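Numbers for residues simply follow the sequence, beginning at 1. These numbers were taken from a predicted model, which means no experiment stands behind them. Numbering of ligands and ligand atoms starts at 1, following listing order.
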Amino acid sequence: MNRIEQRIEDLRAKKQKTLVAFITAGDPSLDATKDIFQVIEENGADIVELGVPFSDPLADGPVIQAASQRSLKSGTTLKKILALVADLRKTSELPIVLMTSYNPVFVYGEEAFVNDAVAAGVDGVIVPDLPPEEAATFETFANGKGLRVIYLLAPTSTPDRVRMISEKSRGFIYYISLTGVTGMQSKFSDNLQSRIGEVKKITTHPVMIGFGISGPEEAKEASQMSDGVIVGSAIVKLVDQCSSPDERKEKIGKFIASIKSALNGA
Ligand SMILES: O=P(O)(O)OC[C@@H](O)[C@@H](O)c1c[nH]c2ccccc12
C-alpha cells in the first residue's frame, strides 16, 4: 500500500472522508509553497495535489491559470518541484499527488520523470491530457515503481469508459463534478448523486469529487455522495489574496480547517 491508499483506508476505518487540497506549486514561489503545504497539513488536509504550472493547460479555469502564470514567472520547473517534494519529505508523510500536463513529462522523459518523482517521494500523478488509451508506456513505468496513476471521470463518461478507467486507475478515481473548467460554482447538477452511484457500482476504487467546491457546504454535500473531495481554486484564490506568510497561515489555515470539520460532520 502506498501513502494514498493507507490514508484513505485509515480515514474509512474512522468513518471519515478524504480532503484533497490542490495548490499550484511555485505560486507565488516555491518557498511559499513549502509554507502553504505545512499550513494545509497542520489544518487537516489528507492529500495534497501539487499542480505543475504549464502555459497551455487543458481544463484550468482562470484562477488556476493565473496561478500557473505567477509560478512560471517565478522560475518554477518540474525539476525544482521534485526537489521541493524531496525537501517536504524530510518532515512530512502526507500523500502527495502531482497534477501535470503531459508536455512537462514528455520534455523530462517519461521514465526519468517516474524514477525521479518516486525518488523524491511523490505518491501519485494525474495527467489530465494523457488519456488511458495513450498511456500504456507511461503506466508501465509508473506501475513498475508504484507511482499511482489517477484517472479522471466526467459526467459524460459512458459505462464502458467507467469500467476501463476503473481497471487502469490506481489510488483513487477523480470524478469531475461538471462539464467545463476548474473554478468555483455554487450548485451541483441534480444527477451528481446518481452518477456517482453508477460509478460506485462499477468500481471498488475510492471516488473523490472535484471541480467547483468552494467552501464547507459544498464539500460536505459532495462528500456525502463519495469518498472525499478535491478543493482547488478556492485555496489558490486565498493564496493570491494573502501577502505575507502570517496572513497565509491564518486565512488558508482557517479555510482548510473549516472544510475538514464540515467533512467530519461538525
Ligand atoms: O479548482 P476546483 O474547481 O476546486 O477543482 C479542483 C482542480 O482545480 C484541480 O484538481 C485541478 C487543477 N487543474 C486541473 C486540470 C484538470 C483536472 C483537475 C484539475
field: Close approach, G212 and ligand 1, non-hydrogen under 4.0 angstrom
entry: yes

Could you tell me, atom by atom, which parts of ligand 1 come under 4.0 Å of a heavy atom of [X]?
{"X": "I64", "value": "1 (O), 8 (O), 12 (C)"}
{"X": "I230", "value": "10 (O)"}
{"X": "P128", "value": "15 (C), 16 (C)"}

statement: Hits for salt bridge (Lys or Arg N to Asp or Glu O under 4.0 Å) against D27, two or more places apart or cross-chain, chain-then-number order -> R70

message: Nearest non-hydrogen contact with atom 10 (O) of ligand 1 belongs to which option: Y174, F22, F54?
response: Y174

statement: Of V231, D60, I176, the residue with the heavy atom nearest atom 14 (C) of ligand 1 is D60

field: Exercise: do E167 and Y151 side chains pair donor with acceptor under 3.5 Å
entry: no

- request: Could you verify whether a donor N or O on one side chain and an acceptor N or O on the other, from S194 and E198, lie under 3.5 Å apart?
  value: no

message: Within the supplied structure, the quantity of interest is the number of heavy atoms (other residues, nucleotides, ligands) at a distance under 6.0 Å from Q224 CD; does it exceed 12?
response: yes

message: Can you confirm whether Q193 is buried at CD, in the sense that more than 12 heavy atoms of other residues, nucleotides or ligands lie under 6.0 Å from that atom?
response: no

